[in-house]
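Quick note on labels: first sequence line is chain A, next is B, and so on, each numbered from 1.
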Protein chains: 2
Amino acid sequence: MGITKSEIFTEKQNQLAQLAKALAHPARIAIIEHLLKINTCICGDLVSVIGLAQPTISQHLKELKKIGIIQGQVEGTSVCYCINTEKWKEISLAFETFFSKDTNPPSCC
Amino acid sequence: MGITKSEIFTEKQNQLAQLAKALAHPARIAIIEHLLKINTCICGDLVSVIGLAQPTISQHLKELKKIGIIQGQVEGTSVCYCINTEKWKEISLAFETFFSKDTNPPSCC
DNA sequence: AGCATTCATCGTAATATTGCAATATATAAA
DNA sequence: TTTATATATTGCAATATTACGATGAATGCT
């Protein structure tokens with residue numbers, strides 16, 4: 001039905017899935033990578049760099065803002081975007097923790 | 001249009017987004033976490049543990065197998081699933097590399 | 001005030017995802 | 001060979017996502 005049964009999962013499982021979802025589009029990966037490289041830039045720059053229409057970029061930015069990994073600051077008619085360092089570390093830690101679990105050698109396969 | 005313009009992004013960006021997408025559902029996180037804990041289990045166990053219908057679990061397992069993070073071994077009428085340790089490390093590294101980039105303090109926001 | 005610029009939001013079309021009932025497939029057991 | 005068990009696949013309904021044109025809102029400039 002396109003709707004996720006969040007209520008049967010733990011808070012942590014839902015949270016990590018939500019973080020993964022925000023990263024689950026190459027445009028959003030590209031936006032983050034550009035911000036990491038350039039440190040800070042306005043929405044219009046992202047539109048030219050990425051190559052998607054302005055409303056589409058705006059929508060992707062919204063998804064990223066939703067999990068707090070980026071933040072925007074109005075500067076005149078432009079909006080200056082950058083990584084939220086604190087959230088970045090938090091999200092990084094969430095994935096790190098998930099992947100830190102050791103995988104024992106399988107007994108059957 | 002629900003369709004991603006993969007051709008305008010780099011191979012790496014598409015790959016990481018695809019990995020994130022596979023993790024972008026709490027049921028799939030739950031499946032992985034259960035496999036990490038139990039080491040190995042059959043599909044039927046996952047159906048009872050997770051609490052989704054058998055076809056739904058089967059579909060999620062398919063998504064996880066697609067990126068190679070898990071693998072299944074037929075054992076009689078059952079299928080025994082486990083983490084693919086090599087792929088696990090590979091995927092872990094992909095996220096680690098992505099998050100390893102330092103975030104400089106923003107100049108504008 | 002009037003106009004240009006930048007970005008967000010709305011509306012919409014195309015496609016993807018989620019979930020499950022029904023069914024197909026494969027193996028084991030009787 | 002028939003029956004039972006376990007899993008995969010199919011088909012479908014409901015919802016979500018992606019993309020973009022059109023439009024709205026906010027700010028700066030003249």
Ignoring backbone atoms, test whether [X] places a side-chain nitrogen or oxygen under 4.0 Å from the OP1 or OP2 oxygen of [N].
X	N	result
A/H60	D/dT17	no
A/K5	C/dC20	yes
B/K21	C/dT17	yes

Which is it for B/N39 and B/C82 under the side chain to side chain contact (heavy atoms under 4.5 Å, CB included) test, yes or no, and what are the steps along the way?
CA-CA 6 Å; B/N39 199 21; B/C82 68; 5.9 Å; no
With side chain to side chain contact (heavy atoms under 4.5 Å, CB included) as the criterion, how do B/I67 and B/K87 come out once you've worked through the C-alpha distance, each side chain's angles and the decisive distance to 0.1 Å?
CA-CA 8 Å; B/I67 62 160; B/K87 264 287 178 188; over 6 Å; no
Taking protein heavy atoms under 4.0 Å as touching, what does nucleotides 2-12 of chain C look like 5' to 3' if B marks base contact, S marks sugar-phosphate-only contact and - marks none?
---BBBBB---
How many whole angstroms separate atom [atom1] of [X] from atom [atom2] of [N]?
X	N	atom1	atom2	value
A/E75	D/dC29	CD	P	13 Å
B/E63	D/dA8	CD	C1'	14 Å
B/L23	C/dT17	CG	C1'	16 Å
A/H25	D/dA16	NE2	P	18 Å
A/Q18	D/dT17	CD	C1'	15 Å

In Å, rounded to the nearest 0.5 Å, how long is the span from [atom1] of [X] to [atom2] of [Y]?
X	Y	atom1	atom2	result
A/L19	A/F95	CG	CZ	5.5 Å
A/E63	A/S58	CD	OG	11.0 Å
A/I32	A/I70	CD1	CD1	7.5 Å

Among residues 27-37 of chain B, which ones have heavy-atom contacts with DNA chain C below 4.0 Å?
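Here the set is B/R28.
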Are A/I42 and A/V49 grouped together when hydrophobic residues (ILVMFWY) are joined by side-chain heavy atoms under 4.5 angstrom apart?
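Different clusters.
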Which word best sums up how the rings of A/H60 and A/H25 line up, parallel for under 30°, tilted for 30 to 60°, or perpendicular for over 60°?
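Tilted, since the angle between the ring planes falls between 30° and 60°.
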Here's a test of your reading of the structure: between A/V74 and A/T4, which maps to the more 5' nucleotide of DNA chain D?
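Whichever sits nearer the 5' end wins; that is A/T4.
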Could you pull out all residues at least two apart from B/E33 that satisfy side-chain contact (heavy atoms from CB on, under 4.5 Å)?
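B/E33 satisfies side-chain contact (heavy atoms from CB on, under 4.5 Å) with A/Q13, A/F98, A/K101, B/I29 once adjacent residues are dropped.
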Checking A/S48 side chain against A/G44 main chain: does a donor-acceptor pair fall under 3.5 Å?
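Yes, A/S48 side chain to A/G44 backbone: donor-acceptor pair under 3.5 Å.
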